[in-house]
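Okay, structure first, notes after.
Numbered from 1 within each chain, the chains take letters A, B, ... in sequence-line order.
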Amino acid sequence: MDQRIVVIDFETTGLSARTGDRAIEVAAVEIIDGQVGRHFASLMNPGVHVPSFITGLTGITNAMVRSAPDSMAVMRGLAQFVEDAPLVAHNAAFDAGFYGHEMRMQGIDRENPFLCSLRVARRIYPRAPNHKLSTLADYVDIPMQGTFHRALADADLTARIFVTMCGDIRARYGIRSLSVALLERLQSVRVASADAWLTKVGYEETAGTR
DNA sequence: TGCCAGGCCCTCTTTAGGGCCTT
């Protein structure tokens, strides 16, 4: 894939922006020419309390958030880093919800398309024990660098898993031009028929170059 | 008062239910 894409991960106060939860940390990692490149990462202060459960899960404390830049500054920096790139997240519905919510709260108009590494993984690695980020890292033999449930470590790991998945798709099915559009199509193919669909796509691409 | 996320995905389905995944 020669298009610049950006992997994004939020740490938040809970599971839903709609019920008042807010982002407290964000990281974005770019992928260019199939290689992991620059990153953007920051804690952010939305002015809300961090629940003890979240501190236990992430290690992010109320003191850390209070001394962080406010949400406006961080989301502006994130918008500059992301630009108009397609975004990738593990369980994208979650991160897309917070991305849209936090951008709107700061008056920033962004409509980046999202790809879901979880949905792709379910189709490419149907035999994995499960499709949690940590399990997938073990399954494709990628070591974690950093701490789970911190934004930069999770985004970087997601980026390296995504690059590996794209490489496996190319190698397994003979697909050379692995575009964002093709991955969006793959996400909508039923899990049970993804293997046959990718085989067909690879065959058609090979036939088209003869 | 009682409840409190929500989209994806499979199956003992489709007039539904429950597990998976994210924090």
Inset, instruction - Report the C-alpha separation of Arg150(A) and Asp154(A) in whole Å, then their side-chain angles, then the decisive distance to 0.1 Å, and conclude whether the salt bridge (Lys or Arg N to Asp or Glu O under 4.0 Å) test is met. - result: CA-CA 6 Å; Arg150(A) 287 303 300 267; Asp154(A) 283 5; over 6 Å; no
Legend entry - Between Asp21(A) and Ser16(A): side-chain donor-acceptor atoms closer than 3.5 Å: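 Asp21(A) vs Ser16(A): no donor-acceptor pair found between side chains.
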Legend entry - Side-chain donor-acceptor pair present, Glu25(A), Thr58(A), cut-off under 3.5 Å: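 Judged by distance alone, the side chains do not pair up.
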Identify whether any heavy atom of [X] sits under 4.0 Å from a base atom; if not, whether one sits that close to sugar-phosphate; answer base, sugar-phosphate or nothing.
X: Ala192(A); answer: sugar-phosphate
X: Phe10(A); answer: sugar-phosphate
X: Leu133(A); answer: sugar-phosphate
X: Arg123(A); answer: sugar-phosphate
X: Asp9(A); answer: sugar-phosphate
X: Asp95(A); answer: nothing

Interatomic distance at [atom1], [N] relative to [M], whole Å:
N: dT23(B); M: dC4(B); atom1: C1'; answer: 16 Å
N: dG17(B); M: dT13(B); atom1: P; answer: 12 Å
N: dT14(B); M: dC9(B); atom1: C1'; answer: 14 Å
N: dC12(B); M: dG18(B); atom1: P; answer: 14 Å

Inset, instruction - Let me know, please, whether Glu11(A) or Thr19(A) comes out on the 5' side of the other along DNA chain B by nearest nucleotide. - result: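 Checking each residue's closest nucleotide, the 5'-ward one belongs to Thr19(A).
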Legend entry - Residue mapping more 5' on DNA chain B - nearest nucleotide basis, Ala93(A) or Arg122(A):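 Taking each residue's closest nucleotide, the earlier one in sequence belongs to Ala93(A).
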Legend entry - Within the 6.0 Å centroid threshold, strictly below: Phe10(A) and Phe94(A):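 Centroid distance Phe10(A)-Phe94(A): not below 6.0 Å, so no.
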Inset, instruction - Give a yes or no on whether Arg76(A) atom CZ has more than 12 heavy-atom contacts from other residues, nucleotides or ligands under 6.0 Å away. - result: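 No - once you tally the heavy atoms of other residues, nucleotides and ligands closer than 6.0 Å, there are 12 at most.
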Legend entry - ring pair (Phe, Tyr, Trp, His ring centres under 6.0 Å) contacts touching residues 123-160 of chain A (sequence neighbours left out):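 For residues 123-160 of chain A: Tyr125(A)-Tyr139(A).
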Donor-acceptor contacts under 3.5 Å from residues 78-88 of chain A side chains, at least two apart:
none

Legend entry - Boundaries of the chain A footprint along DNA chain B (any atom under 4.0 Å from a heavy atom):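 Range of nucleotides within reach of chain A: dA5(B) to dT23(B).
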